[in-house]
Every structure is written in C-alpha cells, then in structure tokens.
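Just so it is clear: chains get the letters A, B, ... in the order the sequence lines come, proteins before strands, and each one is counted from 1.
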4 protein chains.
Amino acid sequence: MGLRERRREHTVQLIVAAAAEVFGRRGYHASSMEEVAKATGCATATLYGYFPSKEALFTKVVMDLMGAYLAGVTAALAGASTFEASVHGLFEHFERFAEEQAAVIRVVHTAMRTAQLGPTTSTDEILGLIATYRAAIGPVFDRAVAEGLLAADRNHEPLYTLLLGTLHSASDAWLDVGADLRLGLHAARTLFLAGFPAVAAVLPGESS
Amino acid sequence: MGLRERRREHTVQLIVAAAAEVFGRRGYHASSMEEVAKATGCATATLYGYFPSKEALFTKVVMDLMGAYLAGVTAALAGASTFEASVHGLFEHFERFAEEQAAVIRVVHTAMRTAQLGPTTSTDEILGLIATYRAAIGPVFDRAVAEGLLAADRNHEPLYTLLLGTLHSASDAWLDVGADLRLGLHAARTLFLAGFPAVAAVLPGESS
Amino acid sequence: MGLRERRREHTVQLIVAAAAEVFGRRGYHASSMEEVAKATGCATATLYGYFPSKEALFTKVVMDLMGAYLAGVTAALAGASTFEASVHGLFEHFERFAEEQAAVIRVVHTAMRTAQLGPTTSTDEILGLIATYRAAIGPVFDRAVAEGLLAADRNHEPLYTLLLGTLHSASDAWLDVGADLRLGLHAARTLFLAGFPAVAAVLPGESS
Amino acid sequence: MGLRERRREHTVQLIVAAAAEVFGRRGYHASSMEEVAKATGCATATLYGYFPSKEALFTKVVMDLMGAYLAGVTAALAGASTFEASVHGLFEHFERFAEEQAAVIRVVHTAMRTAQLGPTTSTDEILGLIATYRAAIGPVFDRAVAEGLLAADRNHEPLYTLLLGTLHSASDAWLDVGADLRLGLHAARTLFLAGFPAVAAVLPGESS
DNA sequence: GATGAATGAGCCTTCATTCAT
DNA sequence: TATGAATGAAGGCTCATTCAT
C-alpha cells in the first residue's frame, strides 16, 4: 500500500472512530453528518470524500466494529478446548472489549437490535451480520456436543439466543442504568452454565 | 368524567394506538407526525389538539403501553404463590401480551433499550419506567427469599437484569430474526429456573 | 369545485406565474426554489405543499404555458380558411401572446430548445410537447394541400421546421438582442409565404 | 512561442475540446468541472491551472469554437462572388461543420440562444459574439445590395435574423428531434432564396 | 505542472409546529 | 374541534474553488 493510500486509510479510521462515538451516543437518525464532522474535526463536505452517504458511513462503522469484535470472539473460542472454557472465553472477551470501547457496544447493539431504526437499505447487511455473529459463537455449542452435553440433532437456535441474551443483558444494564458490568457478566455466565443442561434437555428435535 | 371528557379520552386512545403501531414499526426518529396522523385517520394538526409535541405523544405511548403491560405483570404475580409459579406466570403473561400486541413490545423495547434513540428530554421518564418495571417483578424475588432460595442481604440487581434479559432475548429473536416465540420463552424460563440457584449463590452482599 | 379547491387552484396559479418569470429569466438550473418562493411571496417550504419537487413545478410551468399558447394557436387556425390566412393568424397570435407574456416565450423556448438543459426526467414530456406543437400547426399545411399549393405525398417535416423556425427567429432576436418584434415577425411571415412554393417544390416524397 | 508555451497551449486545446463535448451535451449549469476533468483525463484541480474559473472555461470554449466556425464562414463568403453563391456557401459550410462537430453547434446554440443559461457575467461577451456572427455574414447582404436585390438604405436587421433563423432551424430540428439535416438545410436555403426579394421589398428604411 | 484532499456556500427537501378558518 | 395551509429550522448532499505536496 502506497503512502497516499495509507494516509487515506488513516483518515477513514479517524472518521469511523468519530462516527462510532456519535452514532453510539445518539443513534442513527438523531446523528447528523455535521455532528460527525465536528467530532472528526473536519468540514461536513469532507466526509463525502470518504463515504458516499450517511448510510454508507453508518454501515461501515457497524461492519468495522462488529468485524473487530467478532475476530476477537473467534480468537477467544479458538483458544478454548472445552465447553465451559469457551463460555468463559467469550464472556472475558466481551468484558475486555466493552470496557475498552463502550461506544462500540452501543452502536452494535443499536444496529443489531433495530434494523428498522437504522437506514432501510442496509437492513440486509445487518441481518447478515447477525447471522455472522451467531456463526462466530457456533464453536461453543460444537464443544458442548463433543462433550456429550448437547445432542446434535436438536434445534440449537434457542441456545444462541440465550447465550447472547444473557451476555448482552449485562452490558445493557451497564449502559442503561449503570449496573456493575463485571458482576453482571459473572452472574450471566453463571446462569448460562448452570442452566445449560436443563435447557439442552428440553430442546425439540431439529426443525427450523 | 363528563361526556365531553370521555369523548376526548377516547380520541386520545385512538391516537395512542395508532402511534404505538407507527413508533413500533419505524422507531421514534423515523416516524413522522404525518404518518401517525394518517394511521389515526386525522389531520396532522389534530394531533396537536391532544398532545403538545411529538415527544409528549411518544412518552404517552410508552407510558400507557408499559402501564398496561405492568398491570398484567402485577396481576400475574399476585396470583402466584411460589417462586417457580411466579416465573411461570411472568413468562406466560409476556407470551400472551407479545402475541396480542407485537407492536407494543417493539415500542417498549425500543424505548427501554435506547434512551438515546427516543427523544433526549424524556430520558428521565424512561429511566423511571425501567425502575417501575423492576419494581413490578420484585415479588418474584420476594418469593425466592421467602422460600429460602435467595438470601435477602445480597445484591439482587443482577437477578433483575437476568430475568428480564432472558425474557426479552426470546422476544428479540422473535421480532428480529423470526425465531419461534413459544420455544424461545420456554428455553429462557428453563434456563432461568435451572440456573437460578447457582446465580443466587454467587451474588455478593448488598451494596448499591 | 369547492371554495377550498378554488383557493388552492388560485395559489397554484400564483406560484406557476412566479415560477414562469423566474425560470424564464434564469433557466432551470440557475433558478432556485428560494428564488421562486421569493417571487411568489411565500416561504420555500410552502411551494412543496403544492408541488412535490422543483422538477414537477418546472414541468407544470412549461405544460401550462404551452397549453395556453397552443390553445390560442388552435383557435387562430380554426378561424382561418385559407393557407395564407392561417399563416397570418398564427403570426398574429404569436405576436399578441409574446407581447403579453414575454416570460412565457422564454420558458417555452428554453424548454423546447433544450431538453437537456431542463431536468432529465421530464425530457419525454417535453418531446411530447414538441410533437403537440407540430400537430397544432398541422392545419396550416392541410390548407396548403387543399389549395393545391402542396402535394400531400411529400415529406412535410421541413415545412414544420421552417414555419416555426422563422416564427421563433423573430422572437429570439427580440429577446436576445432587442430587435423589433413586430418588424421581425412581419419579415418572417413574408419570407415564409413568398418562399413557400419553392420549398414545396423541392420536398422529396414521403418517407420518414 | 517557446516550447513550454506550445505545450501549454496544446493542453488548453485538449481541455477546450473535452469541455465543448460536455457543455454541448449537458449545458452549462448541469455540467460540473469534475465531469469536464474526467472527459479531459485529468484531475479537477488541473483545470484551474489553465482557466481561472468554470465561467472562463465556458467562455473560452464558446469563443474558440465560434471563432473557428466564423473563420470558415468568412472564408466561404470570400470565395463566393454572387448573392446566391454566398448563401450556398454559407449553408454548405454550415453543413460540413455541423456534421463534423455536432457538439460545437450544440454549445454555440446554447450559448447564443440563452445568455441566461450560461453564466450571468459573460453575457456581454456572448452578445459581442452574436454581433461578430452577424458581421461575418454581412458580405452576403453586401452582394445582394451590389446586385440590386436589396436597397442599401433599409434596415437589414431582419435579414440577418432570418438568414440565421432558417439556417439554425434546420440544425435544431436535427439535434432535437433527429430530422434529416441535409434535407432541412436544403429546404431552408430554398426558402430563404425564394423569399428574399419579397422580404427585401417590405423592409422599412434604416432606423436603429 | 499535477493532483488528492479540504471546504464554504448553497440547494433541494423534510418536518414539527403554528394559525386562521 | 378539526384541518388546510404556512413556515423556520434543519439535514443530506453537491460543487466550484483553494492549497499543500
């Protein structure tokens, strides 16, 4: 990559970082390009030299942050050989990531939670992202199956929902009402691990 | 209440119902007063005869729906004498409510999850609402304490978070990716009940 | 038509008149909605209560003015029984119309001359308008045929072009360099009538 | 002219050629400097190394093309000794020129026709250009006078208008509705020559 | 000389809100 | 009370132009 391109890429990163902060704090619709520009330290028009539209910028922000987060998830799970270790790894990664970049969590939550609150067009991409997220945590359940804790021929769907649900509930409480993040995550992990066998037992056979 | 006032109140309800549908479908910022008016079947200006602003309308919508929902929660919990029955009652109430009024859940989620996605000013009211929600499900844990499943002098905060987190994760998955609601709620309840003792055991002493 | 509609229609006419003046003076691209609003005596946003876009307003202006002009053309030709009288009628109508509403001629010329200078989308409508214009002056040549001045089985295309060309050249000179309109039209009419037989004689057989 | 200057002049020509194509196709206002740059094969900023503004570039384009065209006109008229030959020469030159460079005709028409469609400020230059154009075809009428077809002490103004009007009407029809150029020009020339005596007879005495 | 990047000004359009009827 | 109409205040986006490299 030439020098020019590097500089450009750097600027893109600065914009994305500023935009992440703004979008995370105000949501998509309430954020204005002028606000993002001010946060970046440039003129509004400058943003359009890097992104063709507000929506494209938003999508880039979500994709980038989510990509970084998911890469960490994958790495964390790669280093865990048992089901329990996987869950621990996932929660630890989340905690680290959340503390470093609260804004990130905010945008990602915002985006994932509310396809309908973001711009219409990128809905598909966001849904794809949700799918990617679920795929990334798949190894957790592969290990559960390998360890005999979970039958392979069951509908695992609710497990994904619950793992992410308990995980995110802690960060939501942290962001929304200022609850203790570490404690929340600890409790969430405990609940998930302790309740897992019972849930596994009630899952119906694979279907849709 | 005079006849005049009754008629007015009726109109208010019609508007709120229409607004709930619109806000639930599009979110606060993406919804326009014109859209709400069209859904109500009146002119935009008419809305201002009943609500001083878009924000006030939104707040009213959230408050009303949440109030109805919470009344149901309270009723459901009043009729349950044990911890387990309480949890069952809560989930059943939720399921019934969600199926009847998907839009309601959408707005409430939207509102609760993201103070920042709604209008800035009403944040306080929404936070108050969250507190009310938590208070409404308090009886669940009172029963757990009464049954000796939970020590009274512990920080119950994470329990509230987790109960609501598991509950809502199911409806989120239902709304966002079309997951099976009944199955999701069943799994969530199972997880919560089975994992509860373990979580209760790791809760730290009362603090904040 | 109710009173409401009448008032509305009246406002539409006021806007169209103001817009005709502005578009006629500055052309489509150089005119701004703010300028039109100022000429109308209202706020910019008000225009959007009557027209969905700048382009729609422009199209309406052109269509309306052209429609009025063509109605006059048709009427003038209906009252003329000979070829020569037709041509006289056409020129007289044009002169009257031009003096009354110079702006009209400007917009129409602008629009007709340069589909590509107006908004892209309405190009088709403008081409259709050109076709309508040509159709409106058709009777002139029907009479020429009836009087034996013109063979029916010839390509009349160049005649249309020349009749309008001589006619418009006079108004163009009037608008652009301040030439005398009456004199110009007189000369144009004289040229057309005197040269017509010669042109009719050189027209090729009907083809495309 | 040094080598350096020659190279510069060459670049100027490349830009003017590209700009002529763009302005001819889209008109002044709808053309962007970026579009011109792309057509030239250089960066937008580069254009400013050769022209101080968009307007200056437009003016240069018009002046250059018109200059080339008028030089041809002058040459054609110089080689024609009679009135009729002059008119023939003019039309032939026009036909050759138009077929070679349709874009040229487009820009020139655009510019001449509509001072208001080009940039406001250069109106004077364009008016001067119109005057130059008229001067260039002056010899046609000088010959008419010499041949006794036209009285010298009359207002020749309408003749200029009509000669150019008939000429241009053919190319307009060609450009706008795809009419046959050669046929149109033939008809136009025929009309002009055949009708000329009659017009000459009705011209008033010299005045403005 | 050439260009990528930056930007101020401006344009079209939307929308919450007000007001006269 | 209901509403059509009017509007100020943005907001997203474009573009001619400048400047540092």
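The only member of C:Leu14, C:Thr40, C:Ile15 that meets side chain to side chain contact (heavy atoms under 4.5 Å, CB included) when paired with C:Tyr50 is C:Ile15.
C:Lys54 places a side-chain N or O within 3.5 Å of a backbone atom of C:Tyr28 that can act as its donor or acceptor partner. Side-chain N or O atoms of D:Ser31 include one that pairs as donor or acceptor with a backbone N or O of D:Gly27 at under 3.5 Å.
In the set F:dT17, E:dT18, F:dG12, F:dT17 carries the atom at the smallest distance from any side-chain atom of D:Lys54. Proximity note for C:Thr11 (side chain, C-beta onward) versus F:dG4, E:dT17, F:dA6: the nearest is F:dA6.
Comparing D:Ala45 and C:Cys42 along DNA chain F, the residue whose closest nucleotide (by nearest heavy atom) sits nearer the 5' end is C:Cys42. Checking C:Ala43 against A:Glu34, the closest nucleotide of DNA chain F that is more toward the 5' end is the one next to C:Ala43.
Among the protein residues, B:Ser53 comes within range of the sugar-phosphate backbone only, with heavy atoms under 4.0 Å from sugar or phosphate atoms but none that close to a base. B:Arg8 comes within contact range of the sugar-phosphate backbone alone, with a heavy-atom separation under 4.0 Å but no base atom that close. At the heavy-atom level, A:Ser31 lies under 4.0 Å from the strands shown only through sugar-phosphate atoms. D:Ser32 comes within contact range of the sugar-phosphate backbone alone, with a heavy-atom separation under 4.0 Å but no base atom that close.
Counting to the nearest Å, the C1' atom of F:dT21 and the CZ atom of A:Arg4 are 7 Å from each other. Per the geometry, CE belonging to D:Met33 stands 17 Å off C1' belonging to E:dA9, to the nearest Å. Summarising the geometry, the separation between CG on B:Leu57 and P on E:dT17 is reported as 10 Å, rounded to the nearest angstrom. Distance, B:Lys38 NZ to F:dT3 P: 14 Å, rounded to whole Å. Distance A:Tyr48 OH to F:dT17 C1': 20 Å, rounded to the nearest Å.
A close approach under 4.0 Å does not occur between any side-chain nitrogen or oxygen of C:Thr46 and OP1 or OP2 of F:dA5. Here B:Tyr50 reaches the OP1 or OP2 of F:dA2: one of its side-chain N or O atoms lies under 4.0 Å away.
The aromatic rings of B:Phe23 and B:Phe58 sit perpendicular to each other, their planes meeting at more than 60°, with 30° as the lower class boundary.
How far CD of C:Glu9 is from CZ of C:Arg4: 15.0 Å, rounded to the nearest 0.5 Å.
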